[in-house]
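Have a look at the structure below, then the notes.
Throughout, protein chains are lettered first and strands after them, A, B, ... in sequence-line order, and every chain is numbered starting at 1. All heavy atoms count here, side chains included; hydrogens, waters and symmetry mates do not.
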Amino acid sequence: MTLRLFNTLSGQMDELVPADGKALRMYACGPTVYDYGHIGNFRTFLQVDVLRRFLKLTGIKVRHVMNITDVDDKIIRNAAAAGVPIGEYTPKYVDAFFEDLDALRVERPEEIARATEHIDRMVELIQKLAAAGAAYQTEDGSWYFRLASFPEYGKLSKKDLSGMENGARVDVDEYEKDSARDFALWKAAKPGETAWDTAIGRGRPGWHIECSAMAMEYLGESFDLHAGGEDLMFPHHENEIAQSESVTHKPFAHHWMHVRFLLVDGRKMSKSEGNFFTLRDLLLKGYKASAIRLALVSVPYRHQLNFTFDGLTEATNAIERLRTFHQRVTKGHFAEGGNLDLILAAREADTAYMAALANDLNTAEARAPIFDLIRTSNTAIDQGRFLADDRTAVLAVLARFDAVFDVIADHDAEPTRRALAWAEQEGKQGDVAPELLARQSLTDEAIDALVAERTVAKKQRNFARADQIRNDLAEKGILIEDSKDGVRWKRK
RNA sequence: GGCGCGGUACCCAAGUGGUAAGGGAGAGGUCUGCAAAACCUUUAUGCGCCGGUUCGAUCCCGGCCCGCGCCUCCA
């Protein structure tokens with residue numbers, strides 16, 4: 001099973017296989033740690049997670065590198081406003097980022113590279129660029145990339161910049177540049193700003209150079225895949241290509257994957273429009289981390305995803321269906337043996353599931369056979385003909401589904417607990433939904449005790465008491481289900 | 001203005017040149033002490049509009065309308 005993935009560079013679907021035959025080397029642009037991540041950021045990380053999980057499922061080893069941009073204009077600005085050095089400003093947001101990734105069950109890349117720890121490599125690269133005639137220094141000590149030296153510029157984003165060489169838009173701070181489109185490799189230190197003393201002068205790196213330097217450091221001069229949000233295609237990725245290939249004269253990344261934007265209510269998220277959500281915002285509203293994951297993952301990466309609360313509710317309900325079924329199959333008692341039709345159905349579901357993902361990571365299509373299999377199985381269980389081998393076959397399919405989607409196994413308690421602790425710490429208790437607090441008000445043990453009491457009441461045919469307990473629990477978001485295999489309860 | 005993407009049922013969303021997956025929601029039914037869960041039935045003669053190609057188009061071509069994104073920091 002080989003993944004066919006749309007390649008922005010070639011403009012077509014290309015097979016994604018490790019060029020060295022060993023491990024797939026991929027680089028994905030990570031966060032700039034100046035604030036908490038928002039759900040748009042996480043859609044991209046989640047889709048890259050789907051990619052790497054699917055690759056692993058098909059038996060491909062992955063070597064995935066992600067950068068953390070811990071020095072840039074916004075960080076410098078915010079740190080200055082907070083009156084601390086950037087090294088004291090960013091750790092909070094780095095920690096928050098990983099906590100959020102954990103909440104969403106995004107796997108860690110094999111390598112996480114911080115910009116501030118790779119300044120040397122960036123300086124070396126700039127020196128090489130200068131030697132190759134692709135970089136020049138301006139009077140203030142900054143270094144720029146000379147676009148004119150790289151005729152292929154624009155090949156990724158399919159832009160023809162030839163007509164706009166020296167447009168009217170020239171930044172007053174950058175009047176010394178040879179061409180308006182030349183971009184900064186190294187920014188000369190300004191008084192009071194964070195800076196490094198290096199062989200090319202005192203200053204700090206431009207944004208694009210870090211990715212070129214770190215990608216080549218960990219993956220080599222040429223590697224398999226480079227991924228990121230669609231907005232990074234131009235100019236960020238285009239600039240990475242220019243910087244890297246001007247030095248190596250080899251293809252930087254063979255394959256480029258761009259995740260399209262998440263919109264909120266049909267509009268791009270922005271703080272000014274008030275449609276801006278962080279993961280924490282949603283957790284405190286009472287949504288489960290798994291529901292957020294499923295909602296952000298279920299629309300294929302090459303389509304815009306319109307985020308709505310209805311969509312989150314739908315994902316919540318879909319997960320309920322998956323988990324209820326999983327529990328039913330896991331906890332049920334089934335006789336020895338198996339049914340050929342069910343085992344075949346499981347196999348077909350798995351084939352269709354894998355084929356959908358192999359087709360440009362079509363997550364929406366991949367869900368369908370799983371739900372089909374659930375219905376088929378439920379019917380068989382209702383008919384009392386579901387057997388032990390059927391269970392084995394079906395659970396194997398669900399395991400492969402969860403190897404990528406990772407929403408059936410319930411890990412929702414911890415992210416919510418942490419979000420609540422965070423809200424308390426930050427004095428944001430006012431943002432916590434009352435329903436969430438109600439739901440958290442009972443411990444598992446207390447619920448078990450009430451459920452046991454209800455079971456006793458039912459045996460005594462004291463239905464009034466039994467229903468009272470059920471209703472009381474329901475008010476706190478705890479739902480009870482009676483079944484042949486005992487009583488199940490779950491938090492809404 | 002340039003580049004790109006999309007418009008499929010109440011909502012989300014796949015998909016194919018031969019007659020519309022899946023999820024959610026709604027309605028009716030079965031089961032149940034009652035519920036829940038589950039199952040069954042049901043909800044697009046129709047896939048933005050208009051032309052064209054074709055035996056046949058939602059899917060191909062052309063035009064139009066609408067929405068969105070990128071072109072500047074941005075996932």
Without hydrogens or angle criteria, can the side chains of A:Asn306 and A:Thr308 be said to hold a donor-acceptor pair below 3.5 Å? no

Can you confirm whether the side chains of A:Tyr89 and A:Asn78 place a donor and an acceptor under 3.5 Å from each other? yes

Pick the nucleotide of RNA chain B nearest each of A:Phe45 and A:Ala368; which residue has the one closer to the 5' end? A:Ala368

Residues in contact with RNA chain B, drawn from residues 90-105 of chain A - heavy-atom cutoff 4.0 Å: none

In Å, rounded to the nearest 0.5 Å, how long is the span from CZ of A:Arg280 to OH of A:Tyr36? 5.5 Å

Under-4.0 Å salt bridge between A:Asp412 and A:Arg323: yes

If the threshold is 4.0 Å, N to carboxylate O, is there a salt bridge linking A:Asp73 and A:Arg204? yes

As a test of your reading of the structure, name each stem of RNA chain B as range with range, where a stem is three or more consecutive Watson-Crick or G-U pairs at under 3.5 Å. B:1-7 with B:65-71, B:10-12 with B:22-24, B:25-30 with B:38-43, B:48-52 with B:60-64

May I ask you to evaluate whether A:Asn317 reaches the phosphate of B:rA25, defined as a side-chain N or O under 4.0 Å from OP1 or OP2? yes

Pairing residues for A:Phe97 by the ring pair (Phe, Tyr, Trp, His ring centres under 6.0 Å) criterion, not counting sequence neighbours: A:Phe45

OP1 or OP2 of B:rG15 under 4.0 Å from side-chain N/O of A:Asn362: yes

Looking at A:Arg293 and A:Asp49, does any basic side-chain N land under 4.0 Å from a carboxylate oxygen? yes

Looking at A:Asp467 and A:Arg454, is any side-chain nitrogen of the basic one under 4.0 Å from a carboxylate oxygen of the acidic one? no

Nearest 0.5 Å, please: how far is CG in A:Leu479 from OG1 in A:Thr324? 9.5 Å

Taking donor-acceptor contacts at under 3.5 Å, does the side chain of A:Lys74 reach the base of B:rC74? no

Pairs meeting criterion salt bridge (Lys or Arg N to Asp or Glu O under 4.0 Å) with involvement of residues 310-320 of chain A, two or more places apart: A:Lys288-A:Glu320, A:Glu320-A:Lys490

Would you mind building the protein contact string for nucleotides 3-8 of chain B? One character per nucleotide, 5' to 3', B for base within reach (heavy atoms under 4.0 Å), S for sugar-phosphate only, - for untouched. -BS---

Tell me, for nucleotides 31-43 of chain B in 5' to 3' order, what letter each nucleotide earns: B for a base near a protein heavy atom under 4.0 Å, S for only sugar-phosphate near one, - for neither? --BBBBSSSS---

So does A:Gly286 get a backbone contact from the side chain of A:Arg439, meaning a donor-acceptor N/O pair under 3.5 Å? yes

Within 6.0 angstrom of A:Arg4 CZ, more than 12 heavy atoms from elsewhere: no

Spatial distance of atom CZ (A:Arg391) from atom CD1 (A:Ile381) [nearest 0.5 Å]: 9.5 Å

